> 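There's a structure below that I have some questions on.
Below, chain A is the first sequence line, B the second, and so on; all start at residue 1. Note that the structure is a prediction, hence the values are computed from the model and not measured.
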There are 2 protein chains.
Amino acid sequence: MTTQINGSVVKAFKILDLFTEGRSELTATEAARALKINMITAHRFLHTLEHIGALVMVSRGVFRLGYLFAELGDRALRDGGLAAALQPVLDQLARDLGEACMATVFERDMAVCIAKALPDRPLYVDIRIGSRLDAFCTAHGKLWLAFMEEDQRDAWLNRTRLQAITANTITSPTALRQELDQIRRDGYAVNNAEREKDIYALAVPVTNRNGKMISALSVFGASASLITQNRPTLLTRLQEAAKSCQTGL
Amino acid sequence: MTTQINGSVVKAFKILDLFTEGRSELTATEAARALKINMITAHRFLHTLEHIGALVMVSRGVFRLGYLFAELGDRALRDGGLAAALQPVLDQLARDLGEACMATVFERDMAVCIAKALPDRPLYVDIRIGSRLDAFCTAHGKLWLAFMEEDQRDAWLNRTRLQAITANTITSPTALRQELDQIRRDGYAVNNAEREKDIYALAVPVTNRNGKMISALSVFGASASLITQNRPTLLTRLQEAAKSCQTGL
DNA sequence: AAATTAAATTTCAAATATAGAAATATTAAA
DNA sequence: TTTAATATTTCTATATTTGAAATTTAATTT
């Protein structure tokens, strides 16, 4: 057998996950319904999480996220130092290109946004720090898959179903393998509105001195020109930026 | 009796708290020692937290914070919208004054840093988002105590021991009460190196249209002049800034 | 203002999941 | 290769959690 997992802790985090799914307030009844658990149990977990400081009760039975997570989140981002090291590069990149940029790491089968920089325009496409991006239908995700150890990639392909999300999503494992081969040859990945309609992206890997991929940088936005006319220019700047990161790592 | 608290969840967060106390990596043996729990138990909790995605195993038995918290932290900060609303005010303030500035809320008996802006200088005093500041020996903390409901303040005073941290820490309840009365009269609070040697601060409350205190703003740094020669000027600017927040809330 | 309803909270016994001892596996150091 | 230290698994007594039922609280309708 493998190490035994504590069910209470799992349940507590399932409740916390409800907050990441767009809710900002939660009651015992809502949590119970959403997770299909007993309402009394939900009630007790909410109170336990409040006792700890993870949640704050705003009125009888109504809970919000507490600032405890602000600290843990801040630590998670700065402990590797990666996010901090990449931030100035992203800032410069976003200024230069006039488009939103971000950096990811790969964790639990998905690309996770660890830093971003937004363009100085009134309207732009934004992403939340900590957001998790599907591996098979995003530029970052495909990049990570492409540069992953082969056996890990195979394992990933075996356990993941390629469910169509937009008209452009790649849903055939064979097609995806071909795409990943291409990405490895090209050294960059494209998202052609495969995850969200009208959202395009161009991503390149960031490697350390040993050639190991430690992050990925991208430009993203609502303009298809990112991956058509402007692709060569953007690509050059992205690759320069990715290279300039190495010195700081 | 009161709602029963789930011990497993409490234990899980005690382990996570070890990370906020300056550690970036943890093993079962270390956790067990730090929390005086059985090593096998610690081992299982670490694995449970990894299973959930709260931690990541970097090598056999060695764990780091996962980026799950980046998302929860981001949500916690933006859900109230307070941090986002105050950020531009802080940025401007830090630029104008050439000193570090921050904003807090009051949660679980302490002032919690929810936003900050740093001066454009090579060396400066920094604070981590999410850091919790003792109520009795910081400018923010004393401000919150001063403007709190009287019965809550009394309850707080009853359950808290005023332990000296620096030579300037106020340790007598009577003296603290007098200080809080003074703060209420003045409308601002000072930290005269009461929490950290050579760290000074000046803080003012942010109120909403109903006059309820919803945040606090401060200038802080390593220069005593913050609370001596420059106090009048800084105070004026802080109070203007605090006032300007109201429109955004 | 009283009655009604819905949800939150507490109490208690049964069921279950957790804790820790002991054994084993793994890694690093000598 | 041996030794030592720590990580991991197995097993079962026991402490903890669970959920039904009862009670309290607050909001909504009459």
> Here's a test of your reading of the structure: between A/G61 and A/I5, which maps to the more 5' nucleotide of DNA chain C?
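Mapping each residue to its closest nucleotide by heavy atoms, the 5'-most match is A/G61.
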
> Given D/dA7, D/dT18, D/dT9, which nucleotide is nearest the side-chain atoms of B/T29?
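For B/T29, the side-chain atoms sit closest to D/dA7.
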
> Just compare D/dT17, C/dT9, C/dT18 and give me whichever is closest to any side-chain atom of A/N6.
C/dT18

> Of B/R44 and B/R33, whose closest DNA chain D nucleotide lies nearer the 5' terminus?
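The answer here is B/R33.
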
> The side chain of B/R60 is closest to which nucleotide in this list: C/dT10, C/dT26, C/dA19?
C/dT26

> With side-chain hydrogen bond (donor to acceptor under 3.5 Å, both in side chains) as the rule and sequence neighbours excluded, what pairs involving residues 46-56 of chain A come up?
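Every pair satisfying side-chain hydrogen bond (donor to acceptor under 3.5 Å, both in side chains) with a residue in residues 46-56 of chain A: A/H43-A/H47.
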
> Rounded to the nearest Å, what distance is computed from the CE atom of residue B/M57 to the C1' atom of nucleotide C/dT26?
13 Å

> Do any side-chain nitrogens or oxygens of A/T3 fall under 4.0 Å of OP1 or OP2 in D/dT9?
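A/T3 to D/dT9 OP1/OP2: side-chain N or O found under 4.0 Å.
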
> Mind running a 4.0 Å heavy-atom check of residues 7-18 of chain A against DNA chain C and sending the residues that fall below it, in number order?
A/G7, A/S8

> Calculate the interatomic distance between B/Q4 atom CD and C/dA8 atom C1'; express it in whole Å.
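Taking CD of B/Q4 and C1' of C/dA8, I get 15 Å after rounding.
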
> Heavy-atom nearest nucleotide on DNA chain C for B/N38 versus A/I40: which residue maps closer to 5'?
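Nearest-nucleotide comparison on DNA chain C picks A/I40.
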
> Under 4.0 Å between a side-chain nitrogen and a carboxylate oxygen: does that hold for A/R159 and A/D109?
yes

> State whether the side chain of B/T160 and the backbone N or O of B/L157 hold a donor-acceptor pair below 3.5 Å, judged by distance alone.
no

> Looking at B/H43, I'd like to know whether one of its side-chain N or O atoms comes within less than 4.0 Å of OP1 or OP2 on D/dA7.
no

> Return the value, rounded to whole Å, for the distance between atom CZ of B/F45 and atom P of C/dA17.
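So the two atoms are 15 Å apart, to the nearest Å.
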
> How would you list, by chain and number, every residue that makes a salt bridge (Lys or Arg N to Asp or Glu O under 4.0 Å) with B/E179, sequence neighbours excluded?
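So B/E179 forms a salt bridge (Lys or Arg N to Asp or Glu O under 4.0 Å) with B/K142.
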
> Can you see which heavy atom on B/F45 is nearest to which on B/I15, and at what distance?
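Closest approach of B/F45 to B/I15: CB-CD1, 3.4 Å.
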
> Would you call A/D17 and A/K14 a salt bridge, using N to O less than 4.0 angstrom?
no

> Would you please indicate yes or no on a ring centroid separation below 6.0 angstrom for A/Y188 and A/F147?
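No, too far apart.
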
> If the cut-off is 4.0 Å, is B/T27 near the phosphate of D/dA7, judged by side-chain N/O to OP1 or OP2?
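Yes, B/T27 has a side-chain N/O under 4.0 Å of OP1/OP2 on D/dA7.
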
